[in-house]
Each structure stands twice: as C-alpha cells, then as structure tokens.
Novice: 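Okay, here's the structure, questions in a sec.
What's counted below: heavy atoms across the whole structure, side chains too, no hydrogens, waters or symmetry copies. Throughout, a chain's letter reflects where its sequence line sits, starting with A, and its residues are numbered from 1.
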Number of protein chains: 2
Amino acid sequence: MADVARIAGVSHQTVSRVLNGHPNVKAETRTRVEMAIDELGYRRNSSARALVTRRTSVIGVVAFDPTLYGPASTLGGIERAARAAGYFLSVVTLQTVTREAVREAMDYLAQQSVEGYIVIAPLRTVVDGLVDLPYGRPVVAVEGGQAPDLPVVCVDQPGGAYLATRHLLELGHRTVHHVAGPHDWLESEGRVAGWRRALEEAGAPVHEPLSGDWRPREGYELGRRLAEDREVTSVFVANDQMALGVLRALGETGVRVPQEVSVVGFDDVPEAEFFTPPLTTVAQDFSEVGQRSIALLLSLLEESDSPGTAPKRDVVPARLITRQSTATPSTR
Amino acid sequence: MADVARIAGVSHQTVSRVLNGHPNVKAETRTRVEMAIDELGYRRNSSARALVTRRTSVIGVVAFDPTLYGPASTLGGIERAARAAGYFLSVVTLQTVTREAVREAMDYLAQQSVEGYIVIAPLRTVVDGLVDLPYGRPVVAVEGGQAPDLPVVCVDQPGGAYLATRHLLELGHRTVHHVAGPHDWLESEGRVAGWRRALEEAGAPVHEPLSGDWRPREGYELGRRLAEDREVTSVFVANDQMALGVLRALGETGVRVPQEVSVVGFDDVPEAEFFTPPLTTVAQDFSEVGQRSIALLLSLLEESDSPGTAPKRDVVPARLITRQSTATPSTR
DNA sequence: CTGAAAGCGCTTACAG
DNA sequence: CTGAAAGCGCTTACAG
C-alpha cells in the first residue's frame, strides 16, 4: 500500500479510501491511485484489514459426509450465496457426527475467527448441543428441525412425507409401510411424522416403521424383509439411496414394481429417474436451503447488537415427483 | 492477550511464548499462564498473528459440482488431510467450469491471502491455464492428467480403463464399445486411452467411442443407441452414473445384462452395487487423492524458497470391482 | 528465563 | 478533498 501511495503521489490513507470506495476522493486522484494499483498488481492484505476492522468475512461451515447428495448440494448452495455476499467459507467435514465432533470442529473454526457458523448436522443430539455455545457468534442449524432456541433453515420434511403418503393412499393402497432413516436424525423424525399424519387422517393402519442408515445396503436388506410380507403393497422409503436398495431387493425376489408393490423415495437424486423402474420421489430444493441459510446468518450478523429477537425458522417446501414406481395396487 | 498477561502476572510476550510452545519458559510460569488462558477462555487473534507471521494457514480450494461423487469425495479427503496438518480450507465451488471461472475463483481466494491452491477442475483448458499464474503461490491440480508443468495428483485413469477393457476381452468379447465422458475432460481422455490400448494390444476392432456428459440421462440416451446395434456385446462406460442410464436403456428395450450385453462403469459409487444388475466397475481411492494433494501442496509450500525442482506428479492406482453386469457373451 | 521496543499493513477518527 | 497520528493484537529480535 505504501508503494502504491508513492507511485500515485498520495498518502496511504488516500489509497485506503479508494480501495474502500470512500466518496471523498477527487476523481483524478482516484484514477491515479487505481492506475498505480494495476501497475503493481497490488492486493490489500486481508489480515491487516481484519485486524483493524475486527471482521474476517469468513463463515465457518461444519458439514459431514459430502458423499450424501443432500448435504453436498446444500453446501454448494451455501457457498454460492456466501460468495455473492462477499464472504469466504471455511469448511470442516466430519466423518462421524457426534456432539463432540461438532464441538471440536467449531473450536477449530474459532481459531480462524469466523464471524458465524452454519452447521449441517441434522441430529437431535447435535442440534441440542448447539444452544448456548461459548463462541459469542451466531449459529444457523441447517435441517435443525423444530429446535426452539436456534435459528434454523430446513425443508418441510413432514410436508414432503405427507405428500408421498397421500399419493399412495390416493392410488388405492390400504396403507403404506415406511422405511425410515436412522434414529436421532431430525429428517427421519420429520418424515415419520408426516407419514404417520397422512395415515391417521385417512384412518389407515399404522405399521411400525423399519429403520435404516440411509445407505443402499440397508435399504436392500430391509427390502428383502418387505418382499416376504405379502401384506405390503406400498412402501415410502425415507431416501432415494435406500429406495434403490429396496427396488433391488424387490426385483431380485420377483416382486414387480409398481404392479405388486409401489415405492416412493425422498431426495430426487439425479439417478432416481433412471432407477428400475424410475422412482417416484420427493424433491428438496437444496440450493434454496443453502441460500436461505446464508441470508439468515447474515441477518443475525447484522443485528448482533440487539439480540432481543426470537430465533427464526425458515421452512422450504418439498414437492412430489411422480414417476413409474407407483401405481394402483393389484393382488400380489 | 494483555488480560491474560495481567492475570498471570507476566508480560504479553511470555504469554506469546507459551502459546507458541517456546521452550524457554519456566514450568511454573507456563502453568500460571495456562490457567489464566483457561480462566478467560482466551483465544489468540488469528488476524494479528497472520499479519506478523505472514502466514494465514489457509489453503484455497477450487472445486465444482459437489453433486458428482468423485469431486465430492476428493474434497472430503482434502479437508481431512488439511485439518490434520493445521490448515484451514477456503472453498469455492464452480457452477460452470471454464478457464475464466477458475481464474475468477482464484482471484477471489487471493483476497483472503491463501498460501496455496488446490484446483479440482480436470479440464484440459483449465489445467493449461493454470501454468504461470500471477499469484506467486503454489498450485496443485487434482486430476490434472499429464500436465507437464504443473504439480498433479491423479488416479491412474488409463490403468483403470485398461483393467476394465481387459476384463471384458478376457470374458471372450470380440471387442468393447465405449461411452466416454465429455471432450476436454482429462478423465475422459485418460479412460479412452486405456481402453484403446487394451483393444489394440489384443488386436480387437476399435469403434469410435460415443461421448456423454457424465449424467445418467445421456447414458440413457446413448444406451438406446447401443441397444439397437446388435453387434454390441459389451460396453465400457466412463462413469457409473452414465452406466446407470445405459443399464436402464438396455433393460427397457429388453436387452438382458449381462447375458446379451456386458456393462462396466467407473467410480464405484455407493449405489453401484445395487443397480440392476449390480455393476462391475473401477474404484478410485478419492480420499487417498485428497491426502496426497495436501501432502504435495505442503511440500511445495516448504520448498518455495528453492523453486529449482521439477513439478511432481503423484499417481494413485485404480482397481477393478467385478460384480454381476459382466459375463461371457452369448448370442443376442 | 523474561521484559521493553519495534513493526507487520491496514482503517479510523481528527485536523486542516 | 487530503494527510499526520494512533492503534488493532500479535511475534520477533534484542537486551538483560
């Protein structure tokens, strides 16, 4: 900056003014400074700037398993929104999602003086542990469910599950079986709740849901059990990867989909349309979730002086995508 | 830091020494300082530190489409390795991968004074544009192919493709058709090269490869074309997502896999084992790629004073996973 | 083993 | 509209 000032023949604070778009600079001076900047390829030192402004422009993100479609897409949406707002994203990915691992990740990010946190770790225990953190920085929980004391952005999981279940009931199924996600996951809970509500509203019998780990393998194993039960005519599976496993198990045991059993998934991964058969599923707008997360965090950052307001909750709707894995039931 | 010093009854540079693990501190003093740190919940200001040390401990990563399995997994591996080495990761994800977009992303990261870059953007034009960058910071290209002037970490794409093609030839197929990835992608080129070499070595006829965009949809559309060609008895598809589309197209048109046509993919996504039929494919160790990328970048960072050495290239082997989508050909 | 001093490269009131 | 001064919170030689 001193070099720029010398070449432009001004003081370094005039350079600073130009850099910060300060209005009180004569146009001719501004041009001279800009030319000197270009000539030297000068770039402002971010550490010095952060030191004096007390703002790092860094948002810490705690994510996990970037191999799962949902979290990965959300991360993409967050990143784009952050960059559009001039923020940098410092990302920590977790192998195992426990309360301790999340705290460790946040401690790590705190070393970098992040201005706020976005945590994509939709487990009840993790979200509960996010209240009253010692960092003094706002935290937004993505898919944080109904957490009452935390700013949350999430997809309307119960609503999506309700849509899926209604769809099957309307096709004429007497009831709908459910392969849920893992216990403790808020998405699992939300989807179970929506499924249950649809059944109860329709007066349909509610069978205890099976529970898997989101992975295709467990979908496959649970699918083998469903294949044996001749009562089953329709299954709402809590995500597409497990639905793939269910489809595979059904196919292997000679149960025809959708003629004998209808299957609905959740997520609408890019592959879903090309499963055998193409999967009816519930789509979530992950990139919207990402954008709203950043928007919420930024609003929290701005009003951090007046922390009187209640935590906000932003819910993104889900929508049903009908394909060929669902039909009116015939006898098995 | 001043507060800590006051409570511990020492000067602030003694606090600094304790923080940095400097040996010349009396044990008793050290304990006193540590207690004061705990009491205050003190955390060192990273900006001030970076300003004086001229090290931000931040690595910039340019990634793209976190929805693709390979790049997403690689990012995970990079993040873990970086954190283990005490570095932070600042991530920019690209929507479209062009040379300009990559440059823009790197410019953005430069604002944050990153110490080095990892670019996961395996297009020839992008990689070519990475040489002679104006940042004066080391750059590692992940999946940068054979780029002669750039440090690169990549999976042995030709080797993997060779394995897949050999496997089909050994099963008795007269030749192997190929659905390649998009032009300009180094992974596409590498896989084409390995496939071609295996065919040529065996004296098998080489049919011009079809080319898709990695997505299941184009796999499906190209699969429809392959289904019509009764000469085709085996297909090596450049990734699993397109292979899914091919499988779907074949199934839809009544072509049995593997009895009539064998299919091999590339990537070994978690779903591959549950495709119909379970897919024979080539596995890449993405997390290993991530780790080696960080290791290479760190070594570059250390020797940045003596830039005489040639750029390094680190190749991770691929391996074939045999499942049920391949068999000895019978007549169609 | 420990402290007083200087300085990293910026921004922000304060003068003029 | 522009410059001289102070200070953000650290680390690094330099003394002692």
Side-chain angles (χ1 to χ4, degrees), chain A residues 1-37 39-58 86 88 109-115 135-137 304-305, chain B residues 1-37 39-58 86 88 110-115 135-137 305:
Chain A
M1 187 146 151
D3 296 342
V4 174
R6 194 176 321 113
I7 293 198
V10 297
S11 73
H12 67 279
Q13 45 274 58
T14 299
V15 177
S16 175
R17 284 194 190 93
V18 172
L19 250 16
N20 293 311
H22 201 88
N24 286 346
V25 179
K26 213 203 290 175
E28 192 244 337
T29 314
R30 183 183 302 277
T31 326
R32 236 175 36 238
V33 171
E34 279 163 354
M35 285 179 59
I37 288 173
E39 187 182 334
L40 262 45
Y42 166 77
R43 225 179 270 279
R44 171 164 57 186
N45 180 308
S46 59
S47 303
R49 177 161 217 246
L51 178 58
V52 53
T53 60
R54 298 164 173 291
R55 295 197 48 225
T56 55
S57 295
V58 177
F88 298 95
L109 290 167
Q111 289 176 43
Q112 214 191 347
S113 314
V114 299
E115 293 189 30
Y135 306 113
R137 306 272 177 193
S304 60
D305 26 40
Chain B
M1 186 145 151
D3 295 342
V4 174
R6 196 175 321 113
I7 292 199
V10 297
S11 74
H12 68 277
Q13 44 276 58
T14 299
V15 177
S16 176
R17 283 191 191 98
V18 171
L19 249 16
N20 292 309
H22 201 87
N24 286 346
V25 179
K26 214 204 289 177
E28 193 245 338
T29 314
R30 181 183 303 277
T31 323
R32 238 176 34 240
V33 171
E34 280 164 353
M35 284 179 60
I37 288 174
E39 187 182 332
L40 263 46
Y42 166 77
R43 227 179 270 279
R44 171 164 56 187
N45 181 308
S46 59
S47 304
R49 178 162 217 246
L51 178 57
V52 53
T53 60
R54 299 161 174 291
R55 295 197 47 225
T56 55
S57 295
V58 177
F88 298 95
Q111 288 176 43
Q112 213 192 350
S113 314
V114 299
E115 293 189 30
Y135 306 113
R137 306 271 178 194
D305 26 42

Novice: Roughly, in whole Å, what's the span from NE2 in A:His12 to C1' in C:dT12?
Specialist: 11 Å

Novice: Could you give the CG-to-P distance, from A:Asn20 to C:dG9, as a whole number of Å?
Specialist: 17 Å

Novice: So does A:His12 get a backbone contact from the side chain of A:Ser16, meaning a donor-acceptor N/O pair under 3.5 Å?
Specialist: no

Novice: Nearest to the side chain of A:Ser16 - D:dC10, D:dT2, C:dT11?
Specialist: C:dT11

Novice: So which nucleotide from D:dT2, C:dT2, D:dC10 ends up closest to the side chain of A:Thr14?
Specialist: D:dT2

Novice: Atom CZ of A:Arg49 to atom P of D:dC10: distance rounded to whole Å?
Specialist: 20 Å

Novice: Main chain of A:Ser46, side chain of B:Gln112: is a donor-acceptor contact present, judged purely on distance under 3.5 Å?
Specialist: no

Novice: Taking the minimum atom-to-atom distance to the side chain of A:Thr53, which one of C:dT2, D:dT2, C:dT11 wins?
Specialist: C:dT11

Novice: Could you tell me the separation between the CZ atom of A:Arg49 and the OG atom of B:Ser47, rounded to the nearest 0.5 Å?
Specialist: 11.5 Å

Novice: Can you tell me how far C1' of D:dG9 sits from CD of B:Gln13, to the nearest Å?
Specialist: 13 Å

Novice: D:dT2, C:dA5, C:dG9: which one has an atom nearest the side-chain heavy atoms of A:Ala48?
Specialist: C:dG9

Novice: From CE of A:Met1 over to P of C:dG7, roughly how many Å is that when rounded to an integer?
Specialist: 18 Å

Novice: Just how far, in rounded Å, is P of C:dC1 from NE2 of B:His22?
Specialist: 10 Å

Novice: Just call it for B:Thr29: base, sugar-phosphate, or nothing, with non-hydrogen atoms closer than 4.0 Å on any strand.
Specialist: sugar-phosphate

Novice: In whole Å, what is the span from the CD atom of A:Gln111 to the P atom of D:dC10?
Specialist: 13 Å

Novice: Could you tell me the Watson-Crick or G-U partner of C:dA4, where both distances fall under 3.5 Å? Say none if there is no partner.
Specialist: none

Novice: Give the nucleotide from the list C:dA6, D:dG9, C:dC10 with an atom nearest to the side chain of A:Arg44.
Specialist: C:dC10

Novice: Give a yes/no answer on whether the side chain of A:Tyr42 brings an N or O atom under 4.0 Å of OP1 or OP2 in C:dG9.
Specialist: no

Novice: From the set C:dG3, C:dT2, C:dG9, return the single nucleotide nearest to any side-chain atom of B:Leu51.
Specialist: C:dG9

Novice: What's A:Arg54 touching, base or sugar-phosphate or nothing? Going by heavy atoms closer than 4.0 Å.
Specialist: sugar-phosphate

Novice: Just to be sure I understand the rule, does B:Arg17 reach a base, reach only the sugar-phosphate, or reach nothing, if contact means heavy atoms closer than 4.0 Å?
Specialist: base

Novice: Using atom CG of A:Leu19 as one end and atom P of C:dT12 as the other, report the distance to the nearest whole Å.
Specialist: 12 Å

Novice: To the nearest 0.5 angstrom, please state how far the CG atom of B:Asn20 sits from the CD atom of B:Gln13.
Specialist: 12.0 Å

Novice: Under a 3.5 Å limit for both distances, which nucleotide forms a Watson-Crick or G-U wobble pair with C:dA13, could you say?
Specialist: none

